[in-house]
*Asks:* 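Have a look at this one.
Counting starts at 1 for both ligands and their atoms, in listed order. What you see is a predicted model; the values in this text were computed from it and never measured. Along the sequence shown, residues carry numbers from 1.
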Amino acid sequence: MKDKNVLLISQLSKAGDTPVTLQGWVHNIRSSKALIFIIVRDGSGLCQCIVSKEDTDENVWSDAESLTQESSLRITGMVKKDDRSLGGYELHVQSVEIIQISTDYPITPKEHGVEFLMENRHLWLRSQRQWAAMRVRNQIIFAIHQFFQKEGFIQMDAPIFTGNAAEGSTTLFETDYFEEKAYLSQSGQLYGEAMAMAHGKIYTFGPTFRAEKSKTRRHLTEFWMIEPEMAFFDLAMNMDLAEDMVCFIVEKVLENSRQELEILGRDISKLEKVQKPFPRITYTEAVELLTGPKTSTLLDGMEKEALELLESIKIEIPELEAEHGKAKKGRKFQIDRRLKELRASREETEEKLRNIPVWRKSATEKIWGDDFGGSDETLLTMHFEKPVMVHGYPAAIKAFYMKRDPENDKVALGVDMLAPEGYGEMIGGAQREDSLELLLERIKEHGLDEETFKWYLELRKFGTVPHSGFGLGLERTVAWICGLPHVRETIPFPRMLGRLTP
Ligand code: 4AD
Ligand code: MG
């Protein structure tokens with residue numbers, strides 16, 4: 001298999017004046033009388049390979065002609081630099097070795113519905129946008145490790161099978177552990193706290209599970225979480241760290257994933273604004289913002305914009321439909337595309353217009369003590385160009401382990417970081433309760449089983465110290481950075497309500 005002439009498409013700049021072999025799949029193919037253009041992808045990029053009838057053998061031409069979308073092949077030829085070409089290089093083909101001809105590949109260049117694509121996720125991963133999103137995900141993962149390692153953190157792993165709930169008992173996946181009840185971990189945090197008492201600063205990076213019955217664009221039932229936990233950190237230090245980490249991640253993506261962001265059509269200028277310091281507001285201030293005139297004005301603007309857009313769509317659609325009958329083939333194709341876009345946009349805008357009154361009601365009726373819903377978070381983030389940190393939540397709506405504000409027992413020293421552009425909560429964290437007596441009280445208040453938390457309570461018995469940590473949801477981070485509307489495209493094989501395959 002090893003062949004010294006094989007080169008990755010991403011390394012075509014290294015090609016000299018000897019033939020090069022690419023190995024991969026046919027992304028796209030089109031032909032004219034004298035030329036066949038094969039776009040080959042090999043996982044590292046795309047390259048246009050040109051077969052000329054005049055310059056190649058008859059059998060090379062006929063092999064090339066038989067290729068179909070997603071056929072696998074090795075293809076050899078001379079690399080030519082061409083700035084107009086995809087990726088800056090093209091291959092002038094001398095020979096083709098077909099590995100397999102693929103027939104009836106289901107994902108064609110025409111558009112498909114998202115349910116169809118999800119059913120074909122195992123193949124959809126090959127598409128350009130999905131390819132780009134997964135590469136950004138990889139870059140984010142790498143940046144997270146770089147960040148924590150340079151900051152002196154130790155990466156440690158928390159178990160997946162657990163005997164206790166970390167984040168409330170309503171979203172637990174129960175499983176049978178040799179006739180004993182076990183749960184899939186909702187968070188590695190409690191174990192992270194034990195590790196931090198051994199190593200000072202640690203982070204876990206693993207899958208977590210929530211039996212979320214809600215079908216939203218932010219919820220998966222299986223997602224990856226990064227959870228740093230630090231001894232001798234208070235809430236302010238915790239927020240500083242979260243801010244530094246997010247800035248570092250964005251910086252690395254901007255540095256290394258430009259091409260991918262371009263494929264995704266991401267507005268880079270928005271990411272470039274993600275610089276320290278991030279706004280920090282209290283929960284109380286967030287409630288004031290939601291119920292105040294600024295949010296009302298924001299909603300008015302959104303409504304006006306949506307109505308105007310709908311108006312213009314309603315004019316353009318019948319115009320195009322009228323033109324369609326008389327149009328030539330090429331133009332017809334264009335019109336069909338545009339109509340599809342317009343209809344999708346009409347549907348989206350109509351939904352937005354139905355949602356705005358609901359959002360308005362939720363925001364304006366908010367009173368101190370209420371939790372924020374998805375729409376409230378969306379509205380909050382729209383007041384800021386950077387991620388915003390909301391801290392000091394009502395203790396009653398937060399987890400049992402959060403320390404209370406020494407100045408106000410109703411307030412927990414918890415923080416959420418909300419991603420801009422409407423993405424919402426990306427990080428949840430807190431300073432932890434470090435007093436044995438108070439923690440015991442909380443466990444009882446929350447109706448949790450003291451026995452299963454015995455080990456966790458012992459952390460407060462043997463050398464307790466103030467400590468803090470947070471959890472970053474990887475998929476929500478990827479969605480925001482890539483500008484993807486739904487978390488289902490941010491993980492190779494998403495698990496959500498109603499989806500267990502492929
Ligand atoms: O806010 P959460 O529930 O916090 C915790 O689990 C803490 N124990 C973390 C800690 O302090 N160590 O979850 C943290 C983050 C959320 O902000 C969100 O980004 C993500 O995890 N998340 C989800 N992502 C996708 N689908 C879901 N169902 C998610 N639930 C939480
Ligand atoms: Mg949370």
*Asks:* With heavy-atom distances below 4.0 Å as the criterion, list the atoms of ligand 1 near Ser187.
*Replies:* 6 (O), 8 (N)
*Asks:* Which single N/O/S atom of Glu425 lies at minimum distance from the Mg ion (ligand 2)?
*Replies:* OE2
*Asks:* Check contact between Met426 and ligand 1, using heavy atoms of the residue and a distance below 4.0 angstrom.
*Replies:* yes
*Asks:* Which atoms of ligand 1 are found less than 4.0 Å from any heavy atom of Tyr401?
*Replies:* 7 (C), 8 (N)
*Asks:* Without hydrogens or angle criteria, can the side chains of Gln130 and Arg121 be said to hold a donor-acceptor pair below 3.5 Å?
*Replies:* yes
*Asks:* Just which atoms of ligand 1 are under 4.0 Å from any heavy atom in Ile427?
*Replies:* 17 (O)
*Asks:* Considering only non-hydrogen protein atoms, determine which one is nearest to atom 12 (N) of ligand 1 and report residue, atom name and distance to 0.1 Å.
*Replies:* Glu227 OE1, 2.7 Å
*Asks:* Can Lys352 and Glu303 be counted as an ion pair, charged N to O under 4.0 angstrom?
*Replies:* no
*Asks:* So does Asp416 have any N/O/S atom less than 2.8 Å away from the Mg ion (ligand 2)?
*Replies:* no
*Asks:* Checking a contact table here: which protein heavy atom is nearest atom 14 (C) of ligand 1, and how many Å away?
*Replies:* Met225 SD, 3.4 Å
*Asks:* In terms of ring plane angle, is the pair Tyr203 and Phe148 parallel, tilted or perpendicular, where the classes change at 30° and 60°?
*Replies:* parallel
*Asks:* Does ligand 1 have any atom sitting under 4.0 Å from a heavy atom of Ala430?
*Replies:* no
*Asks:* Which protein heavy atom lies closest to atom 6 (O) of ligand 1, and at what distance to 0.1 Å?
*Replies:* Arg210 NH2, 2.9 Å
*Asks:* Relative to the heavy atoms of Gly473, which atoms of ligand 1 are at a distance of less than 4.0 Å?
*Replies:* 15 (C), 19 (O), 20 (C), 21 (O)
*Asks:* Can you list the atoms of ligand 1 that are under 4.0 Å from a heavy atom of Glu212?
*Replies:* 28 (N)
*Asks:* Just heavy atoms, cut-off under 4.0 Å: does Glu229 contact ligand 1 by side chain, backbone, both, or neither?
*Replies:* neither
*Asks:* Can you name the atoms of ligand 1, numbered from 1 with element, that are less than 4.0 Å from a heavy atom of Arg218?
*Replies:* 25 (C), 26 (N)
*Asks:* Could you check Glu377, Glu475, Glu425 and say which one makes a salt bridge (charged side-chain N to carboxylate O under 4.0 Å, His left out) with Arg218?
*Replies:* Glu377
*Asks:* Quick one: does NZ or CZ of Lys398 land under 6.0 Å from the six-membered ring centre of Tyr393, within 45 degrees of the ring axis?
*Replies:* yes
*Asks:* Considering only heavy atoms of Arg432, which atoms of ligand 1 have at least one such atom less than 4.0 Å away?
*Replies:* 10 (C), 11 (O), 12 (N)
*Asks:* Quick one: nearest non-hydrogen protein atom to atom 31 (C) of ligand 1, plus distance?
*Replies:* Phe223 CZ, 3.5 Å
*Asks:* What's the shortest distance from atom 28 (N) of ligand 1 to any protein heavy atom, and which residue and atom give it?
*Replies:* Leu220 O, 2.9 Å
*Asks:* Check whether the ring centres of His122 and Phe493 lie less than 6.0 Å apart, and answer yes or no.
*Replies:* no
*Asks:* Considering only non-hydrogen protein atoms, determine which one is nearest to atom 5 (C) of ligand 1 and report residue, atom name and distance to 0.1 Å.
*Replies:* Glu167 OE2, 3.3 Å
*Asks:* Using the ring centroid of each side chain, check whether Phe153 and His199 are separated by less than 6.0 Å.
*Replies:* no
*Asks:* Of all the non-hydrogen atoms in the protein, which one sits nearest to atom 16 (C) of ligand 1, and at what distance?
*Replies:* Glu425 OE2, 3.2 Å
*Asks:* Could you tell me which atoms of ligand 1, counted from 1 in the order shown, lie closer than 4.0 angstrom to a heavy atom of Gly428?
*Replies:* 1 (O), 9 (C), 10 (C), 11 (O), 17 (O)
